[in-house]
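Just so you know, these numbers use all the heavy atoms, side chains as well, and skip hydrogens, waters and symmetry mates.
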Amino acid sequence: MKNNNQLAAAITLATLGLCNSAWSANGDFLGIDYSSSGFIRLEAAAKTVSEENPYNQRGNVFNGETINRYGGVNAGTLLGLNLPIAVGVPISDTATRNGEPANNDFNFTQIRLENTVQLRFSDNWSATAKIRGIFDAAQYDEFDPDSVNSNAAGYLYGKPNYFEYDDYETGGEQNRLEVAGENYMVDFPSLYVDYQNGPILVRAGNQQIAWGQALFFRVMDVANGLDLRRHLILDFASEEYADERIASPAVRVSYQLNASWELDMFAQAFQPTIYANPNTPYNVIPSQFTVHDRYSDANEKINSGFRLKGNIGDFGLQFMYTNRYNPDGVIRWTASGVNRDAPGLVGTGAILAQTPLEVDPTGVWTAEEWFTYAGMARLDGVEGLNKLITDFPASQLLLARPVDGIDAAKEELDLFFILTGGVGGSLTSGQGMGGLRGHIEREYKREDIFGTGFSYIFSGEPGSWLDQLILNFEVSFTPDRVFTSPDLGQEYLVEDEYISALVLEKYQRFSRNFPATYFVFQWMHRTESDLFGRHLSGMGGTANNAPLGVDGWDGLVLALQQPFPGLVWRADLSVLYDTRGGVFVQPALKWKPSGNWNIEAFYTYIDDDISSDANVNIMQTFDWAEEFGLRVAYQF
C-alpha cells in the first residue's frame, strides 16, 4: 500500500517548486511564449445539521435500532424443498443493526493544488496543460469493517477509499490521465494541443466539451460525464459543472463557415461518470449494495457529435447531434459470485453465489430497512424482490417465491433475513447476527441525442428590465433511451425522452455606485427522468407504499451575482426549486483582499419536505448535506 502522507507531501513540494520556478510568470523561453498560473486551496464544509449521510454504513438510519421481524406463513413454504434447515425454524424475532452511528463535524476536508501552463509555439500552434492534485485529510468518522465483522467482497467495500476506481475486484484509475490512491488523486483536466489556421481550429488531447447555453442544467452539454467523488454537486454553485465535468481524450474540430455560422465536431474516448465511493462523505448509492462496474465493456468505445451554431438576423440558432454511450450507466441485479454460507446453514453459499445476495453484516437486516431504502433510492421494493427471484431461479431454493403485494413481500423478506441470519432456532435471539448485501451491475448503453436551440437579445428603453435581456431555449430528444428499471430487473426500461430548458439572463444596474447585478432565471422540463437521470416511475415509494411514479420533472433556478465597488467583494445567490416541493438555496460571499488571496464562503440549505411526500422530489437524495463551505486560496 502506498504511503498517502508521503505522496501528498511530495505533490505539495513538487507543485510549489513548479510555482517558484521560471514557469510561474509570463515570458519567452527558447522562442516559446509561455504563461503559468495556479493556486493552492484549502476546501472545507462543516455540517450544520445532525443528520449523517444515510447511504453510508455509519449513517444508516437503522443503526442501533431494534426492529421486529415477522416471517409469516405466507412468506414461503418448507414443503418439498431440499433445504439444510430444520422444520422448527423461527418465523419471528427482533434484529438490531450493529453499525455504530457517526457524529461528524465535517463533510469535506481537502487540499487542492492546480497549475496551468500555456505555451505558444507559433501563430498556428499552442498547447495547454493543467495538472491538479487533491488530498483528502479524511477527518471523518470512518467506517471500520472489523467493528461489525464484515467480510464484504469487492475492492472498495472495506475501509473507505476516497478516489480509487472500483471494477469490483481490483482498484486503480478509471480516468486515463489520473493517478489515485485512498486519499489522493493527481490528474490532467486539460492536456491538449491546438492548431489554428484561419477559420479552422483543431484541438487534440484531454479536454472538456461544453455545448449549450443553459446554466446549471445540462440539455446540450452531453459530451462529458461528471466526476462526483470530490464534493458531489455541492460546490460553489455559480461555477456550475466546471470542476465536475470530466475530461476525456478527444479530437475536436471547429470550422468558421462564414461570419455567422460555425461547425463544431468531435470524436472522443468514452469516459463514464464517476460516483463517490461507498462509505465516503457524499456517496449516494446505498452501501448495502455492491456494484460490479462493467466499464471495461465500453472502455475502447468512441463518442462523436457535431454542433452547427450561427445567427439569422437577431436570432441565434444551434443544432446538435451526438452519438454516445450514456456516461451515467444503467443498473440491474447480478449474481454475486460470493460463496459464503449463511450462519448455521451449510451449503447455502453455493446457492447464494448464483443469486444477487451475499451474507454480510453490512447488508440489509429487515423488511423495514429494505423498503425504506428502496424508497430513498427510487426503487420498487416489491417488484425488486420479485425480479431477484424470477430472474435468478436459484433464489427459489432458499424459500423465495414471487409475491403480489407489499405485505406478502415484507413477510417473505423477514423470513428470509431470519433464516439466513444465524438465529439457530430461537424466536428472539437474532441480535446482531445477519444481513444480506445486494449485488448490482452497472452497464453503459449507446444512444443518439438530437438537439436544437435558439436565442434572442431584446432591446428596450436603456436601463429598463427588457433592455439587453437574453433569452435562450434548448431542447433535446433521445429516442429509445435506456433507463434503470425500479425493479432492477434484467430488462431495462426503454423510453423516448425530451429535455428542454428556458433561460433568461440579464445584467441590471440599480445604482451608479455599484456594478451591474447579473440575474439568471431558468426552467427545465424532463419527460421521463429527474435531474439525476432516475426514471420517474420509481418516485413516491416509502417504507409502507410501493412507488406510484410521477409524470414529468420540472425544476426552476434563480441565480444572481452582485459585485461590490472596487470588486473586492461579491455576493452570490443560487436557488433550485423542484416543483414537487424541494428547494436548494446557496447564498455565498466572495472576498479578494489582495491580488493573491481569494476567500469564498457559502451556506447550502436543502429542504425536501415542502410538499407532503419527500419521495417525489430530488432534494431527499442529499437533504442531509446542509453545510457551511469555506475555500481559502492563494493564487500564483
Side-chain angles (χ1 to χ4, degrees), residues 35 114 116-132 174-178 187-215 218-227 239-274 298-311 316-328 444 446-453 455 472 474 476 478:
S35 66
E114 288 190 12
T116 302
V117 175
Q118 294 180 308
L119 306 173
R120 177 161 291 280
F121 306 103
S122 68
D123 291 340
N124 301 111
W125 291 93
S126 61
T128 298
K130 176 191 286 187
I131 186 171
R132 171 174 56 191
Q174 190 182 74
N175 189 346
R176 295 169 180 84
L177 297 183
E178 176 182 306
D187 72 335
F188 286 92
S190 300
L191 186 64
Y192 55 80
V193 175
D194 285 339
Y195 173 75
Q196 174 85 55
N197 189 352
I200 190 169
L201 170 64
V202 179
R203 175 169 293 176
N206 210 50
Q207 58 187 288
Q208 294 183 6
I209 299 172
W211 285 347
Q213 303 297 319
L215 306 175
R218 306 179 80 200
V219 178
M220 300 180 73
D221 182 16
V222 296
N224 297 93
L226 301 177
D227 187 345
E239 295 179 352
E240 305 172 64
Y241 296 103
D243 188 57
E244 285 78 19
R245 191 182 293 109
I246 188 169
S248 181
V251 175
R252 182 177 183 181
V253 179
S254 298
Y255 187 78
Q256 194 72 39
L257 300 172
N258 54 41
S260 299
W261 289 90
E262 179 186 31
L263 178 63
D264 194 5
M265 302 169 286
F266 76 90
Q268 172 196 70
F270 169 67
Q271 169 64 57
T273 291
I274 303 178
N299 185 25
E300 304 300 325
K301 305 302 182 181
I302 300 297
N303 297 338
S304 61
F306 72 85
R307 179 183 64 164
L308 181 64
K309 184 178 181 181
N311 299 293
L317 299 172
Q318 58 179 328
F319 306 92
M320 177 270 289
Y321 167 73
T322 297
N323 177 267
R324 69 168 191 175
Y325 278 85
N326 188 327
D328 297 338
Y444 304 91
R446 188 171 284 280
E447 61 187 17
D448 296 300
I449 305 176
F450 304 86
T452 188
S455 61
N472 287 291
E474 298 174 356
S476 69
T478 307

Open item on the list: Using every non-hydrogen atom in the two residues, find where A247 and P189 come nearest and quote the distance to one decimal.
Closed with: CB-O, 3.1 Å

TODO: Drop me the distance from N323's CG to N303's CG, to the nearest 0.5 angstrom.
DONE: 7.0 Å

- [ ] Quick one: pull up NZ in K309 and OG in S455 and give me the separation to the nearest 0.5 Å.
- [x] 7.5 Å

Task: Atom pair CZ (R307) and CE (M220), whose distance is rounded to the nearest 0.5 Å - done: 7.0 Å

Task: Spacing of CZ belonging to R203 relative to CG belonging to D264, to within rounding of 0.5 Å - done: 10.0 Å

- [ ] May I ask you to test the Y255-L257 pair for a side-chain heavy-atom distance under 4.5 Å?
- [x] yes

Task: Main-chain N/O of N224 paired to Q208 side chain as donor or acceptor, under 3.5 Å - done: no

Task: Reference residue S476; test side chain to side chain contact (heavy atoms under 4.5 Å, CB included); the match among T452, I449, T322 - done: I449

Open item on the list: I need the single residue from L119, V117, N206, T116 that forms a side chain to side chain contact (heavy atoms under 4.5 Å, CB included) with T128. Which is it?
Closed with: T116

TODO: Look up atom CG in L191 and atom CD in Q207, then write down how far apart they are to the nearest 0.5 Å.
DONE: 10.5 Å

Less than 3.5 Å apart, which donor and acceptor atoms pair up between the side chains of residues 266-273 and the rest of the protein, not counting sequence neighbours?
| from | atom 1 | to | atom 2 | distance (Å) |
| --- | --- | --- | --- | --- |
| Q271 | NE2 | Q174 | OE1 | 3.3 |
| T273 | OG1 | L226 | N | 3.2 |
| T273 | OG1 | D328 | OD1 | 2.9 |

Task: Steps toward side-chain contact (heavy atoms from CB on, under 4.5 Å) verdict (E474, M320) - done: CA-CA 10 Å; E474 298 174 356; M320 177 270 289; over 6 Å; no

- [ ] State which residues pass side chain to side chain donor-acceptor pair (under 3.5 Å) with E239; sequence neighbours excluded, sorted by chain then number.
- [x] R631

Open item on the list: Does atom CG (D123) have a neighbourhood of more than 12 heavy atoms from anything else shown, all under 6.0 Å?
Closed with: no

Open item on the list: Test of understanding: with salt bridge (charged side-chain N to carboxylate O under 4.0 Å, His left out), list the residues that count as partners of D221, not counting sequence neighbours.
Closed with: R218, R245

Task: Heavy-atom closest contact (Q256 atom, W261 atom, distance) - done: NE2-O, 3.3 Å

- [ ] Under the side-chain contact (heavy atoms from CB on, under 4.5 Å) rule, what do R120 and S35 come out as? Steps first, then yes or no, please.
- [x] CA-CA 9 Å; R120 177 161 291 280; S35 66; over 6 Å; no

Task: Side chain R252, main chain I209, donor-acceptor under 3.5 Å - done: no

- [ ] For the pair D194 (side chain) and A127 (backbone), establish whether a donor and an acceptor sit closer than 3.5 Å, ignoring hydrogens and angles.
- [x] no

TODO: Output the distance between atom CD (E114) and atom CG (D187), rounded to the nearest 0.5 Å.
DONE: 8.5 Å

Open item on the list: Closer than 3.5 angstrom, by distance alone: can the side chain of D227 be matched with the main-chain N or O of D243 as a donor-acceptor pair?
Closed with: no

Open item on the list: Using side-chain contact (heavy atoms from CB on, under 4.5 Å), reason through E262 and S254 one step at a time and then give a plain yes or no.
Closed with: CA-CA 7 Å; E262 179 186 31; S254 298; 3.6 Å; yes

Task: Check: F306 and L263 side chains under 4.5 Å, non-hydrogen atoms - done: yes

